[in-house]
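These figures come from a predicted structure and were not determined experimentally. Lettering of chains follows the sequences in order, A, B, ..., and the numbering in each one begins at 1.
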Amino acid sequence: MAAETSQPSEEIESILTSAPKQVVRPLVRVLEGIGSCLRLLVEAARHVPTLPRQFGRFIEQCYLIGYTTLPIVGILSFFIGSVLALQSGYAATNIGPKQFIGLLVGLSMARELGPVMAAVLLAGRVGSAIAAELASMKVYQEVDALETMNIPPARMLVLPRLAAVLAMMPVLTIMSDLVGWFGGAIVAKYTHFISIEPASYFATMRQYMDFGDVLNGLVKAEVFGFGVVLVCCNIGLNTRGGPREIGASVTRAVVTSLILILVLDYFVTKALM
Amino acid sequence: MNASATASASARSAAAVGVSVEGLSKDFNGFPVLREISLTVNPGEIFVLMGPSGSGKSVLLKHVVGLEQPSAGRVLVDGHDASDPATRGRVRMALVFQAGALFNSMTVYDNLALYPREHRLGTEAAIRDKVMRSLQMLSLENAAGKVPAELSGGMRKRVAIARALVMEPQLMLYDEPTSELDPVMSATISEVIATLREQYHVTSIVVSHDRDLALGIADRVGILMGGRLVSLGPPADLRAPADPRVADFLNPVIDLRNPRFRQLAG
Ligand SMILES: Nc1ncnc2c1ncn2[C@@H]1O[C@H](COP(=O)(O)OP(=O)(O)O)[C@@H](O)[C@H]1O
Ligand SMILES: [Mg+2]
């Protein structure tokens, strides 16, 4: 693996020697990262038929993702929904139609903030844990041991996690949407300069939104979640060195995940329009 | 060990495999670690590799299992290139890592059972039999439920050996298997290595500083110094080595009037 990854970088670097080093190096590293993620994805995909007999691992990962992420998604989404209602209510005091607050909160949560919040918290709670675990397995030669046992790490360590995140992202996102909507409804009712009844708040939502908006958000969430887990697995498995590098890998995994979410967000949003 | 277990194990490892290292060189970032090493290990042989620490013994073993890619030359295991990942599917090889490389999140039992479970070698009951037998050979029955963090260094090493035994390998590689063990346990390990050869015709490459082990069970001993193979021959050669560096390595004289660290400092 070591030899494989170092070679393309040298090649690309020699092609781009005319450009300044400060620009080339990060660019090469991004391309390298994308390349090795895709390689890991292909490798994991080859083992999809083994998924039924890895059912135990899949359930364990689903549980870890749900257990660590659901509560915090709930808390954060509640306040995001509340703030959305508050801000739009504040804006509406000057322009008029307050009943559209329900629609505004509803659409923002379903199409944008639900999936993004779920993915960001996934990166922080689950992505970091995955990177730490796999980096530690790599540094302490457990990954080497798996390879000598002819047990591909992509099969045992990556595939169940990718499958689990696909199963859990819709759950996290729907949870986020619902809690956000209710947070907005409560704020809309009890804030003195808004005071809209929940009935009319939800009526505008029902009238101008359909399931397509929620589905749009779910598709985004799947893309983000899958990307986050793939990136975190890849960074963990490519850790080299000692215990200090485990920490460095965790940081890199979380930062890369956050950037990835926002970059993907733009492109997926555009593609779904 | 009962008869049926012996029969099934020998059926699986019927053909012993040989290893041939051909002009193997390896550098890390331009720093040479192995330099043009050539040697063959015959099927069913116990080959002991000795040498000062840092001489490249562990790196050599990693080339045999395909965890490192050669900078030059190649390693063939049973005629297949070791750097090809498919070779691990063709030849059952086990490496006992110097630091154990146990799966820290699993119990000792699950560490041993992982290989047969993943490769679907029998029912859970059959696997249990195999795992417990392997633990017994290394006096580890009571450790089955523990996780690696609860074990002493010597126990971890024995678990690593037990885990390799469960794989019923055709080729066993040991990286300093006795370095953290007491003399009795070290002798046990030597006996295990020799028994595997007698009963199952397993080929073994043992990296060790243990002279008793080398003299007791080795067919041949190679000595690696500074990445070169400086001596290769039957263990009897160790008693009167021709090369003065080898002699000093095997029988270092403790000279308080002229200590080595002063000589090095110049
Ligand atoms: N992955 C690596 N990267 C860089 N240098 C390494 C690596 N692995 C081993 N080395 C170097 O190779 C030399 C031999 O190491 P090793 O084979 O572990 O020695 P030993 O004979 O004690 O087992 C040492 O100088 C070590 O620093
Ligand atoms: Mg070593």
If you count every heavy atom of other residues, nucleotides or ligands that lies below 6.0 Å from [X] atom [atom1], does the total exceed 12?
X	atom1	result
F28(B)	CZ	yes
Y140(A)	OH	no
R29(A)	CZ	no
E22(B)	CD	yes

So how far is it from [X] [atom1] to [Y] [atom2], rounded to the nearest 0.5 Å?
X	Y	atom1	atom2	result
L114(B)	M156(A)	CG	CE	5.0 Å
H119(B)	I151(A)	NE2	CD1	4.5 Å
F103(B)	M149(A)	CZ	CE	4.5 Å
K62(B)	T148(A)	NZ	OG1	11.5 Å

State, to 0.1 Å, how close [X] and [Y] come at their nearest heavy-atom pair, and which atoms those are.
X	Y	result
R88(B)	E147(A)	CD-O, 3.0 Å
A145(A)	A101(B)	CB-O, 3.9 Å
E142(A)	N104(B)	OE2-ND2, 2.8 Å

Just jot down the ring pair (Phe, Tyr, Trp, His ring centres under 6.0 Å) partners of H47(A), sequence neighbours excluded, or say none. none
Name the region of L102(B), side chain, backbone, both or neither, that has any atom closer than 4.5 Å to a heavy atom of chain A. backbone
Is the shortest heavy-atom distance from the side chain of E118(B) to the side chain of L146(A) under 4.5 Å? no
